[in-house]
Student: 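Sharing a structure, written as structure tokens. Questions coming.
All ligand and atom numbering here is 1-based and tracks the order in the structure. Hydrogens, waters and symmetry mates are skipped; everything else that's a heavy atom, side chains included, is used.
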Amino acid sequence: MINIVKTQPYSDQKMGTGGLRKKTKVMMQPNYFENFIQSVFNAIGGVKGKTYVVGGDGRFFNAEAIQRFIKMAAANGVKKLIIGQNGFMSTPAGSNVMLKNHTDGGFIFSASHNPGGENGDFGVKYANETAGQVPTAVTDRIFEESKKISEYKICDSKDIDLKNLGLQKLEDMEIEVIDPVADYVEMMQRIFDFDALKQLFKSGFTIRFDAMNAVTGPYAIRIFEEILGAAKGSVIRATPLPDFGGLHPDPNLIYAKDLVDFMYSDKATDFAAANDGDGDRNMILGRKFFVTPSDSLAILTDNCKLIPAYKNGIYGVAKSAATSTAVCRVAEKNNIPYYVVPTGWKYFVNLMDSNRITLCGEESFGTGSSHIREKDGIWAILFWLSIIAKTGKTVEEITRENWKKYGRSYYMRFDYEGLDTTVADKLMADLEAKLPSLKGKKFGSYEVKEAAPFVYNDPVDGSVTKNGLVIDFTNQAKITYRLSGTGSSGATLRVYLELPEYNDFDQDTLETLQPLLKIASDVAEIQQRTGKTKADVNT
Ligand code: G16
């Protein structure tokens, strides 16, 4: 039976860079989740006759949300749902299933790298028929719908069994429960040379992969241990837990500190990596060596011909504005077209769909290619392992070689978290107003070349996006400021610093960037306005 439930709108259902992200308890308020889902359905002109992929990263409220979603989809006339067994599906695996089945899109329930649990965060990532994030025009429409919603449709039925693979029906809607790992593994086997990777492990190569108690554990066990032959136990924290075991599943130097400490100890393996909650982010480590995501993108681009899927070259490459310029130097020297876009994977999707780029990446530990329309954590690791297998070099040797060829960008991001949104918005607005007056100004040996907002003209759909404020210096140094789009409450100010260097690659990054950090913080009056004497998180 289909029920029409009367509801009141909520005023805060605006999607950010990675979908709708809220405190779990906010999401669990009466009708909150249902309102948002119905708003999406309404904003896209209904879902009658459509097919969607559904899954999540297993965090608290995931199982409940999926059941509610299924009943709403059936009530709204969806033709078919393809669902990961037990409701699990990583974001990249979901994008692959969407592309493979030519669906109308999908819904992945995840707040990505944000903590989970009853007191953590919950989120909804909605992808359209591109199998990637929807354009801003659509998220704006969804927000408008959410502000005027008065009812939603839901089936009054028993919960659907998601444990057993196979087909079932709810009303007229078909439900197919699939193994979320199988298709993903098959795709990776098409991209990479698995025989070469097996050889690598046969030769005694050791890895540690930290799934951070999140969704990629089962994918990593299947690929690294079962298929490629990495030693049993190479994958740690492999069982997805509703609260990620209390971890903050963000693979960076702070939140994956255990792994970093391990790799700087005498017990270190040859290679280590971690993924985030929903498996789209990655961190790469060698013995006593950390690869910045910006360098990683540059290195993958430079070595792409070693990978079967990219052996004939790539269309082009793209990075977000806040990502270092390392990849641009690789692209320029090798005559590869490159694009600089605002933060948000949706900007890459347009470039991929129009065959302008093949590879792309962001400083926030996201790297990917046009094999899907999301960033892909395990793909990035397999790419690195393939470079190691083909060159016989270590992570550190590969990175140093890249610096020697193209220069090294000393790079760091500083996050000022938990800010009052009014304070953060005003800081950005006042800073923007001040930018024109900075041109030509000297701060010690640093002279401002240009200071302006970052504005992107999308070559595909003609949309114009303003995202972040950038100060460029005559010595190629760069400061970028932007507010995070993935928080669940308050505001996070991100300050990104870069200083390219062409001779000395052994400096301490923090020390090297100290003068730039002081300029960044003085110019934006960070301490004065936020009361923070230092950033909460440096990566
Ligand atoms: C999401 C988007 C990414 C974007 C990131 C930015 O990542 O998918 O394209 O780079 O947000 O985060 P912020 O706005 O906080 O800097 P994810 O992994 O959270 O889905």
Student: Between Lys466 and Glu432, is there a side-chain N and carboxylate O pair less than 4.0 Å apart?
Tutor: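 Salt bridge flag = yes for Glu432 with Lys466.
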Student: Tell me whether Tyr456 at atom OH has more than 12 heavy atoms from other residues, nucleotides or ligands lying less than 6.0 Å away.
Tutor: yes
Student: Do NZ/NE/NH1/NH2 and the carboxylate oxygens of Asp430 and Arg529 come within less than 4.0 Å?
Tutor: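 Looking at Arg529 together with Asp430, the answer is yes, because their closest N to O distance falls below 4.0 Å.
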Student: Go through ligand 1 atom by atom and flag the ones less than 4.0 Å from a non-hydrogen atom of Arg482.
Tutor: 13 (P), 14 (O), 16 (O)
Student: What's the shortest distance from atom 12 (O) of ligand 1 to any protein heavy atom, and which residue and atom give it?
Tutor: Thr486 CG2, 3.3 Å
Student: As an exercise, identify every atom of ligand 1 less than 4.0 angstrom from a heavy atom of Ser484.
Tutor: 13 (P), 14 (O), 15 (O)
Student: Consider every N or O of Leu483 and every N or O of ligand 1, then say whether any pair is closer than 3.5 Å.
Tutor: no
Student: Run the salt-bridge test on Glu332 and Arg329 with the 4.0 Å N-O cut-off and return the result as yes or no.
Tutor: no
Student: Salt bridge check, Lys346 against Asp461: does any charged N sit closer than 4.0 Å to a carboxylate O?
Tutor: no
Student: How close does the nearest protein non-hydrogen atom get to atom 10 (O) of ligand 1, and which residue and atom is it?
Tutor: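 The closest one turns out to be Glu362 OE1, 2.4 Å.
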Student: Any salt bridge linking Lys22 with Asp121? Criterion: basic side-chain nitrogen under 4.0 Å from a carboxylate oxygen.
Tutor: no
Student: If you measure every N or O of Thr17 against every N or O of ligand 1, does any of those distances drop under 3.5 Å?
Tutor: yes
Student: I'd like to check whether Glu363 has a polar contact with ligand 1, where a contact means an N/O of the residue lying under 3.5 Å from an N/O of the ligand.
Tutor: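 Not met; the criterion fails.
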Student: Enumerate the atoms of ligand 1 whose separation from the nearest heavy atom of Gly344 is less than 4.0 angstrom.
Tutor: 9 (O)
Student: Gly485 heavy atoms, cut-off 4.0 Å: which ligand 1 atoms fall inside?
Tutor: 13 (P), 14 (O), 15 (O)
Student: Counting heavy atoms only, which of Lys346, Lys375, Lys125 is nearest atom 3 (C) of ligand 1?
Tutor: Lys375
Student: Thr465 and Asp458: side-chain donor and acceptor closer than 3.5 Å?
Tutor: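 Judged by distance alone, the side chains do not pair up.
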Student: Do Ser112 and Ser110 have a side chain donor and acceptor closer than 3.5 Å?
Tutor: no
Student: Tell me: protein heavy atom nearest atom 8 (O) of ligand 1, and distance?
Tutor: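 Going atom by atom, the protein heavy atom closest to atom 8 (O) of ligand 1 ends up being Gln133 NE2, 2.7 Å.
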Student: Taking the minimum heavy-atom distance to atom 17 (P) of ligand 1, which of Gly132, Gly18, Ser112 ranks first?
Tutor: Ser112
Student: Provide the number and element of each atom of ligand 1 under 4.0 Å from a heavy atom of Asp280.
Tutor: 18 (O), 20 (O)
Student: Would you say Ser364 touches ligand 1, if touching means a heavy atom closer than 4.0 Å?
Tutor: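 Under 4.0 Å: yes for Ser364.
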Student: Would Arg141 and Glu145 pass as an ion pair if we require N to O under 4.0 Å?
Tutor: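 No.
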Student: Are more than 12 heavy atoms, taken from residues, nucleotides or ligands other than Lys434, located less than 6.0 Å from that residue's NZ atom?
Tutor: yes
Student: For the pair Asp415 and Arg413, find out whether any cationic side-chain nitrogen is under 4.0 Å from an anionic carboxylate oxygen.
Tutor: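 Yes, charged N to carboxylate O under 4.0 Å.
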Student: Give the residue, atom name and distance (to 0.1 Å) of the protein heavy atom nearest atom 9 (O) of ligand 1.
Tutor: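 Answer, as residue, atom name and distance: Trp345 N, 2.8 Å.
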Student: Quick one: which ligand 1 atoms are inside 4.0 Å of a heavy atom on His113?
Tutor: 18 (O), 19 (O)
Student: With atoms numbered from 1 as shown, which atoms in ligand 1 lie under 4.0 angstrom from a non-hydrogen atom of Thr343?
Tutor: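 Going through ligand 1 atom by atom, the ones under 4.0 Å from Thr343 are 4 (C), 6 (C), 10 (O).
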Student: Could you please spell out the steps behind the salt bridge (charged side-chain N to carboxylate O under 4.0 Å, His left out) verdict for Lys125 and Asp280?
Tutor: CA-CA 12 Å; Lys125 288 185 166 188; Asp280 54 4; 2.9 Å; yes
Student: Which is closest to atom 5 (C) of ligand 1 in terms of heavy atoms, Glu374, Arg21, Arg281?
Tutor: Arg281
Student: Please confirm whether Asp278 comes within less than 3.5 Å of ligand 1 when only nitrogen or oxygen atoms on both sides are compared.
Tutor: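 N/O-N/O distance below 3.5 Å does not exist for this pair.
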Student: What atoms of ligand 1 come within less than 4.0 Å of a heavy atom belonging to Arg494?
Tutor: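 Counting from 1, the qualifying ligand atoms are 13 (P), 15 (O), 16 (O).
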